[in-house]
Amino acid sequence: KAGVTQTPRYLIKTRGQQVTLSCSPISGHRSVSWYQQTPGQGLQFLFEYFSETQRNKGNFPGRFSGRQFSNSRSEMNVSTLELGDSALYLCASSLGLAGDYEQYFGPGTRLTVT
Amino acid sequence: AQSVTQLGSHVSVSEGALVLLRCNYSSSVPPYLFWYVQYPNQGLQLLLKYTSAATLVKGINGFEAEFKKSETSFHLTKPSAHMSDAAEYFCAVTLGVTGGGNKLTFGTGTQLKVEL
């Protein structure tokens with residue numbers, strides 16, 4: 001079974017631009033979560049989608065948004081990029097929302113904002 | 001609300017020695033607890049999880065963890081370290097459907113170094 005895939009793997013953008021990251025979950029998984037990883041703040045939860053609906057949102061500004069499609073694939077968008085948005089963005093997929101399901105992570109997208 | 005504290009941002013052990021990585025949690029309801037490992041330039045790989053079925057949980061690569069409610073701890077151990085265990089380890093907690101679905105709250109991580 002194929003794992004979680006994220007595209008692109010690396011991205012360089014300039015301040016003020018916007019970016020869209022993509023995540024394809026494991027086949028059959030309906031929940032997709034996004035996390036930001038930085039050296040200073042560690043791993044922080046961005047949001048979670050299940051059945052095309054955002055179920056939970058972390059403490060990030062409105063510049064960060066996401067969506068989920070009917071095939072469970074998810075995208076996240078960051079508008080008006082700031083230097084502090086440079087991070088590894090990780091996507092995780094899971095069968096459901098129960099909490100005890102395993103969450104499988106993708107390799108991440110490394111975003112660098114210059 | 002839930003939180004996780006990992007004591008020791010860096011741990012160094014000799015190859016063949018016991019690995020002990022500490023994790024304490026805070027939760028208002030019975031939590032689900034996880035340990036993940038991250039190798040350089042990679043995502044997170046699940047080592048093991050606690051979901052109340054058994055307090056001693058065995059995971060992959062010879063790792064195990066014991067849930068101790070009285071101590072609010074979920075320490076990760078491995079009897080004999082291998083060079084390939086060198087990586088960063090994260091403890092995480094989630095509260096399930098009533099507490100926020102799959103939202104994982106992570107500790108700050110422990111970098112494990114294995115020396116010859």
Side-chain angles (χ1 to χ4, degrees), chain A residues 3-7 9-10 21 23-26 29-51 53-60 68 72 74 87-110, chain B residues 1-6 8-10 23 25 27-54 57-60 67 74 87-111:
Chain A
V4 178
T5 58
Q6 292 187 246
T7 56
R9 290 291 312 277
Y10 302 91
L21 311 181
C23 171
S24 292
I26 291 171
H29 285 195
R30 297 170 62 193
S31 167
V32 173
S33 299
W34 289 89
Y35 294 84
Q36 182 196 64
Q37 185 177 25
T38 60
Q41 299 299 317
L43 282 153
Q44 293 187 288
F45 172 79
L46 279 157
F47 26 64
E48 177 178 26
Y49 288 87
F50 182 82
S51 294
T53 302
Q54 187 179 91
R55 300 295 179 138
N56 206 350
K57 189 177 191 306
N59 189 25
F60 279 82
Q68 187 180 35
S72 294
S74 177
L88 180 67
Y89 290 88
L90 293 164
C91 163
S93 79
S94 177
L95 279 169
L97 288 173
D100 60 342
Y101 288 120
E102 288 90 351
Q103 290 192 59
Y104 296 91
F105 282 80
T109 293
R110 173 77 62 185
Chain B
Q2 68 272 26
S3 65
V4 172
T5 301
Q6 289 184 243
S9 59
H10 291 82
C23 171
Y25 70 91
S27 171
S28 55
V29 299
Y32 300 115
L33 294 160
F34 304 82
W35 274 100
Y36 284 88
V37 62
Q38 186 176 35
Y39 297 97
N41 299 316
Q42 294 188 26
L44 302 173
Q45 181 183 12
L46 179 66
L47 283 175
L48 48 80
K49 68 174 184 179
Y50 166 77
T51 59
S52 78
V57 182
K58 294 188 183 299
I60 62 171
F67 173 74
F74 190 58
E88 189 156 24
Y89 292 79
F90 293 93
C91 182
V93 62
T94 186
L95 301 184
V97 174
T98 57
N102 288 323
K103 173 188 173 183
L104 287 167
T105 299
F106 286 91
T108 50
T110 297
Q111 187 71 45

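Residue numbering restarts at 1 for every chain, and letters A, B, ... go by the order of the sequence lines.
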Self-check item: Euclidean distance, A/Phe105 CZ relative to B/Tyr36 OH, rounded to 0.5 Å
Solution: 5.0 Å

Self-check item: Contacting region of A/Leu88 [heavy-atom separation from chain B under 4.5 Å]
Solution: side chain

Self-check item: Distance, nearest 0.5 Å, that separates CD of B/Glu88 from CG of A/Leu43
Solution: 8.5 Å

Quiz prompt | Contacts of type ring pair (Phe, Tyr, Trp, His ring centres under 6.0 Å), residue B/Tyr50, not counting sequence neighbours | solution = B/Phe67

Quiz item: Where on A/Leu90 is there a heavy atom nearer than 4.5 Å to chain B: the side chain, the backbone, both, or neither?
Solution: side chain

Quiz item: chain A heavy atoms under 4.5 Å from B/Gln45: which part of the residue, side chain, backbone, both or neither?
Solution: neither

Quiz prompt | Heavy-atom pair count under 4.5 Å with chain B, highest-scoring of A/Pro107, A/Gly42, A/Ser33 | solution = A/Pro107

Quiz item: Does the pair B/Lys49/A/Glu102 count as a salt bridge with the N-to-O cut at 4.0 Å?
Solution: yes

Quiz item: Under 3.5 Å, side chain of A/Gln103 to main-chain N/O of B/Asn102, donor-acceptor pair present?
Solution: yes

Quiz item: If you measure from OH on A/Tyr10 to CG on B/Asn41, what distance do you get to the nearest 0.5 Å?
Solution: 5.0 Å

Quiz item: Given that the side chain runs from C-beta out, which part of B/Leu104 has a heavy atom under 4.5 Å from chain A: side chain, backbone, both or neither?
Solution: both

Quiz item: What distance do A/Gln44 atom CD and B/Lys103 atom NZ have between them, rounded to the nearest 0.5 Å?
Solution: 10.0 Å

Quiz item: Side chain, backbone, both or neither: which part of A/Tyr104 has a heavy atom under 4.5 Å from chain B?
Solution: neither

Practice problem: Flag the one option from A/Gln6, A/Gln37, A/Arg55, A/Gln41 with the top tally of heavy-atom pairs under 4.5 Å to chain B. | Solution: A/Gln37

